[in-house]
Structures are given as C-alpha cells and as structure tokens.
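Taking it in order: structure first as structure tokens, then the write-up.
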2 protein chains.
Amino acid sequence: MAIRIGIYGYGNLGRGVELAIAQNKDTTAVGVFTRRDPKTVKTLTGIPVYAADDALKMTDEIDVMILCGGSSTDLPEQTPYLAKYFNVVDSFDTHAKIPQHVKNVEAAAKSAGKTALVSVGWDPGMFSLNRLYGEGVLSDGKTYTFWGKGVSQGHSDAIRRIEGVADAKQYTIPVQSALDKVRAGENPELTTREKHTRECFVVAKEGADKAKIEETIKTMPNYFADYDTTVHFISQEELNEKHGGLPHGGLVIRSGSTGLNGEHKHVIEYRLKLDSNAEFTASVLVAYARAAARMNAAGQVGCKTVFDVPPAYLAEKSREELLAELL
Amino acid sequence: MAIRIGIYGYGNLGRGVELAIAQNKDTTAVGVFTRRDPKTVKTLTGIPVYAADDALKMTDEIDVMILCGGSSTDLPEQTPYLAKYFNVVDSFDTHAKIPQHVKNVEAAAKSAGKTALVSVGWDPGMFSLNRLYGEGVLSDGKTYTFWGKGVSQGHSDAIRRIEGVADAKQYTIPVQSALDKVRAGENPELTTREKHTRECFVVAKEGADKAKIEETIKTMPNYFADYDTTVHFISQEELNEKHGGLPHGGLVIRSGSTGLNGEHKHVIEYRLKLDSNAEFTASVLVAYARAAARMNAAGQVGCKTVFDVPPAYLAEKSREELLAELL
C-alpha cells in the first residue's frame, strides 16, 4: 500500500514535495495544508487543499506529514507541535540550532509514539551524511564543504533590502584554486575568503546611487564583508532571463591518509549539481518520509536525523532486490 | 572501553586492518589469526600472532573479528563458520554471489546472537551506499558506476598466467568522453567498451613472443576481449619503479530529473581516489567493526550489510557531537 503523505505549507518546497510524491510509485499525496484560505490555493497536480487547522482531524488518513515551512519561525513551532499527532519530516536548516530543535521535537514525538526526522535535505542532509561517512571510514584526515555554484536566497534577500535596489540574485562560487588543493590531498587551512567568492546581479531603481549600493553590499557584515564580492548592475529583463532559476549544489571532500607513516593518500568527493534547489530538497524529503513510515512501523520512535536512518529504509526496492542489484 | 578486534588472515588486507585499528582511538587489535605457522609471521605494529585454530578459545577477548581472506574460497567458508562465535565483518566482493552469502551467514549469526556485516569495503560498500542513496533521493534517473584509474589485481593476475609473461600490471581507466556525457546529465546508454579502457604494462620473459602475448591479452574472453586494450612491454625495473603501488578508485554518478515535466536536472557524483586499495578497504572494515559491536549491543543480530547500518554507528563521535559538528 502506498505511503500517504500530507504536505504542510505550500511554497517552493511544498510544490517540490507534491511533484516528488507523484514521481515515486509507492507514495501518494493526501493533500496540502495551508494557513492561507484553501480556496485561494491551486495545486500543481490537482491534489486537495485543506486549512492547516484541519490537519488534526486527518490523523488516520496520513502516514507521514512533510513540513515545508521556514526554519526561522515556522519549523521551531510546527515540528514539535505536529510530532504529537503525525510522523513528520522537516528540513530545519539553521545549523547552530539543530541540537535544540532535536531536543524540542524528541519530547513530543517520543511520548506520542511518533517518528520525527528533522534537518533533512542536502545541507543539512546528504552533505551531513558524507561528512559523517568520510570521518568514519577515513579517521585521519580533514573534511571540507564547498557550496555552489548556486543561488543563495538569504544573500539575495539581503541585497534586495538595500535602499535603491529593485531586485537581485546572488551566486556563491567555490574558489577553484582552493578546490584544486583540497582535491590534490594537500589538506590546506582555508579562510572564509579563500573558499568562496560571491557574485551579485543587481537591478537598481531609477536614479539610485549605484556606487553606494555596491559599497553597501561589499561591506555588509556576515553576508559579504568576509568575501571577495563582485557586483554587476543589470536590467530587470536580463535578471529574469538569465538568472531566473534557483540552481545550487556543492561538494563535501574528505581527504586523509593511511599506512604505517600516513604514506597513502585518499580523497573522497561527494558533489551535487542541482538545477532546482527546492525540488531536489523536496525529493530527499520524500525519500525520508518513506523511511519515517518504516521506522515507525519498526518501533523506532522519537526525534531522528539522517544519521539514524538505515540506508535501506530510503529505497523503494525490497531487501532482496537491493542485495542483488545495488550492493 | 576500546573495541577489541581480531584480524583473521594476514595478507595485504589484514595488514591494512592492523594499521587502521592503530589509527582509530576507540579500537584495539587483539591479534592476528593465521593458518601459517604463527612463529613465521611478523606483524607491522608488533601485535600478537595466533594460530587460526586458536581463535575459538578467545571468544571472550574479542568483540569483533574482521575476516581478511579472499572471496573465492576463504570467506564463503569462514564467515558462516566464525559468525557462530564472533561478531564478524568481511569484504566478500563476488557481486553475483552476495545474496547466497548473506543467506549462509544469516542462519549462523542469528542462532548465535551475533552480528555479521558482510560485503563491506568500497565496491561493494561505499559505492553500493551511493547507488542506493542516489536511487532513493532521485527516483527518476540512471545510475552509473565507473572504476579507475586503478590497478585490477584480477586482470593483472590473468596476464601473468600467459606463457612468456614474467610480470604485469593492468590499469582500468574510465573513458573520459563517457564520463563527460554522464556528468552533463545526458543519461547515455553505454556499452562495456564505451565505459572503460584497459592499459597493460607487461614484462616479457627473455626470448618470449611479444606479438603473441599481446594478441592473447587482447582477445582474452571476459577479461579483455570486450574492451579497447593497450599493451606496453617494459622492463621489470620500470614496472617496479613506476607501477609498484595498488592505487584505485572510481565514481558512482546518479543523474536524474524533477519537475512537472522533468525539466530540472540533477547530478550526484561520488568519487574515490585511493593510493592504496587494500588500506582504504581496511579502513572501511574497521569503521564497520565499530558499527557491528554497537549493533550487537543494541540487539540487532543476524547478517547485515552496509544498507542496514545507521550511519551514526560508524562514527567515533557521540550523538551530541554529531548533531553539533557534522549535521
């Protein structure tokens, strides 16, 4: 029987989850739950739309609820709340606050006998897994994470808030020479500036002071001041045409050595090249929804992360098929 | 307390395991078990050597036995036998026979309450994991495995058995143009010949017929006939100097699409570049020995593979450290 999934929140990520559920033969979408007026929301594949408040009436019809809200205000409240009623999966991605989030969700899920999988996606998520596997199988070494080339929505938003800016897109780009050193097994120490550059495409409002905008971007603390940043002013048309997508990706590299005197070098590289950040994240969420349903059936309740999930739980295939075809 | 590991078999892999145990702070080597006369075996780090037959007297001193024999005749017998007495880890790598091996080991391990992790290493092993994760998180797509550039010991051995050959090394090399197409997300159909080439460095015996050796190599069924093969005759000195190591590696690439009409492409690439095939495999085996001890303590008995192991079990770090540092 197909795994019945609810989609809680319907932005870019929620739409991606809807499409990913349709792609997987063993999952089915029960519907979207929204805080907007359900009558104003039209889904991509025609699945029903319900008011968020009605979710609790449907606990019997939903095996796993995928939470598609944001990490700053939505998920810290929604995940512990909904984990009392559903098996849940979220993509909470504020790295520094993950331990606290896990603690909050653990109490709710455990007492309700539910399985909650949090911080699922690609980082945190697939990248985290590769950092862990890398350290596990190559104990003497260093791990590097590079992001991009890809659009950072947080940085794009930060530019758009500057006076005189009509629109903007920001790309995070790994520094090729740093990447080359890491791939060569040199285990360099790299500063923030040495790892990534930032490239900004900005649409200025009529009559805005471009020099001032550029200066404001380049000196913005946390976001840009620690990076070599390039700013290009372009028209809204060019921005829409050439920078309309939300591609992303990056690399996790583990570089280490073995031998009596560390004489043998090994490099493990995991790379993602994604046309759509949200749709790939959504696709990962649906695979982990499958895992959440299985873990719950196996009595593994409480708050879990990708680190706790036996890989076989992600596969549509049976154990026999996995052993014969993929091992 | 450190995990106490026995090493059963002491060839290249066993020596690698000895070194990997020394690299990991939470593992300790109890000793090597050999079918040779123990007095004739000297270990790299000075750990004790016992007769293989004495292993069963030491069940109380060993948490996990790592089996370092070969897949053709050693492991099919040794793993089911030793799984009755120890938690075991092996690197059984005859892909077609894995389902049967699992079945044989399952019966022994389960009735004894032991945990057996089989087919651990990089292929099967880390590559298998990436094939599974790739399929799981990107359901519409194709998976490609490329091996090399690296030394294939089986192919090198096959050349050495040819009349007139004194010594040989064979490299398996991915075809760059095929790799480029896969990385570009083109999802090509590739024949055996289109994926890999084989390069052979051969030392001919004095007076041997080189043309005949080359012909014999290039037409050898299964090993070379289906590949574009290059043969270089060189001196023993050059072979020793330039081709003395056992490097290997390769790539697993999952390429797929998402979206309403599959309009967004995604490429996941996992790449290994290894100076020493045996030492890297050994390093993976020791990480999974850690997992075997933990799974057994958690009551997860029977025959398992990398697909069944929650990633957290591979890490020396605590759950709290993993959440704070790696997720």
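A note on names: the letters A, B, ... follow the listed sequences, proteins ahead of strands, and every chain is numbered from 1. Keep in mind that this is a model prediction, so the values were computed, not measured.
Heavy atoms of A:Arg15 lying under 4.5 Å from chain B are absent altogether. For A:Lys25, no part sits under 4.5 Å from any heavy atom of chain B, backbone or side chain. At a 4.5 Å heavy-atom cutoff, B:Ala20 makes no contact with chain A through either its backbone or its side chain. For a residue to count as touching a neighbouring chain, one of its non-hydrogen atoms must lie under 4.5 Å from one of that chain's; by this rule A:Phe127 does not touch chain B. Looking at A:Ser283, both its backbone and its side chain come within 4.5 Å of chain B, counting heavy atoms on both sides. Residue contact with chain A, scored on non-hydrogen atoms closer than 4.5 Å, involves the side chain of B:Val102 exclusively. Of the atoms belonging to A:Val306, heavy atoms from both backbone and side chain fall under 4.5 Å from chain B. With a threshold of 4.5 angstrom between heavy atoms, A:Arg183 approaches chain B through its backbone and through its side chain. For chain B, the nearby part of A:Ile98 is the side chain; its heavy atoms alone come within less than 4.5 Å. Interface residue A:Leu19: only side-chain heavy atoms are found under 4.5 Å from chain B. Both the backbone and the side chain of A:Val267 come within contact range of chain B, judged by heavy atoms closer than 4.5 Å.
Listed options B:Arg290, B:Arg254, B:Arg131 were ranked by heavy-atom pairs under 4.5 angstrom with chain A; first place goes to B:Arg131. Among the candidates A:Ala315, A:Ser139, A:Ala287, the residue making the largest number of heavy-atom pairs closer than 4.5 Å to chain B is A:Ser139. Looking only at heavy-atom pairs under 4.5 Å with chain A, the residue among B:Thr305, B:Leu44, B:Thr143, B:Leu285 that has the most is B:Thr305. With respect to chain A, the highest number of heavy-atom pairs below 4.5 Å among B:Ala324, B:Ala291, B:Gly259, B:Gly16 belongs to B:Gly259. Heavy-atom pairs under 4.5 Å with chain B were tallied for A:Arg319, A:Glu325, A:Glu316, A:Glu18; the largest tally goes to A:Arg319. Most heavy-atom pairs under 4.5 Å with chain A: of the set B:Ala22, B:Ala96, B:Gly185, B:Gly136, this distinction falls to B:Gly136. When each of A:Tyr288, A:Tyr133, A:Tyr313 is scored by its heavy-atom pairs under 4.5 Å with chain B, the top score falls to A:Tyr133. Most heavy-atom pairs under 4.5 Å with chain B: of the set A:Lys273, A:Lys304, A:His95, this distinction falls to A:Lys273. In terms of heavy-atom pairs under 4.5 angstrom with chain A, the leader among B:Ile253, B:Asp123, B:Asn24, B:Leu251 is B:Asn24.
The backbone N or O of B:Leu260 lies less than 3.5 Å from no partner atom in the side chain of A:Gln23, so there is not a single donor-acceptor pair. With hydrogens and angles disregarded, no donor-acceptor distance shorter than 3.5 Å links the side chain of B:Ser276 to the backbone of A:His264. Checking side-chain atoms of B:Thr258 against main-chain N and O of A:Phe280 turns up no donor-acceptor pair under 3.5 Å. For the pair A:Arg271 (side chain) and B:Tyr270 (backbone), a donor-acceptor distance under 3.5 Å is absent. For B:Asp275 (side chain) and A:Lys265 (main-chain N/O), a donor-acceptor pair under 3.5 Å exists by modelled atom type.
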side-chain contact (heavy atoms from CB on, under 4.5 Å) assessment of A:Ser128 paired with B:Leu326: CA-CA 6 Å; A:Ser128 321; B:Leu326 296 188; 5.7 Å; no

Intermediate values then yes/no, side-chain contact (heavy atoms from CB on, under 4.5 Å), A:Leu272 and B:His266: CA-CA 7 Å; A:Leu272 294 177; B:His266 309 283; over 6 Å; no

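Around atom NZ of B:Lys317, more than 12 heavy atoms belonging to other residues, nucleotides or ligands sit under 6.0 Å away.
For the atom pair A:Phe92 CZ and B:Leu327 CG, the distance stands at 10.5 Å (nearest 0.5 Å). Expressed to the nearest 0.5 Å, how far NZ of B:Lys103 lies from CG of A:Leu323 amounts to 9.5 Å. Note that CG of A:Leu129 and CG of B:Leu129 are 9.5 Å apart. Values are rounded to the nearest 0.5 Å.
A pairwise comparison of heavy atoms in A:Asp308 and B:Ala312 identifies OD1-CB, 4.3 Å as the closest pair.
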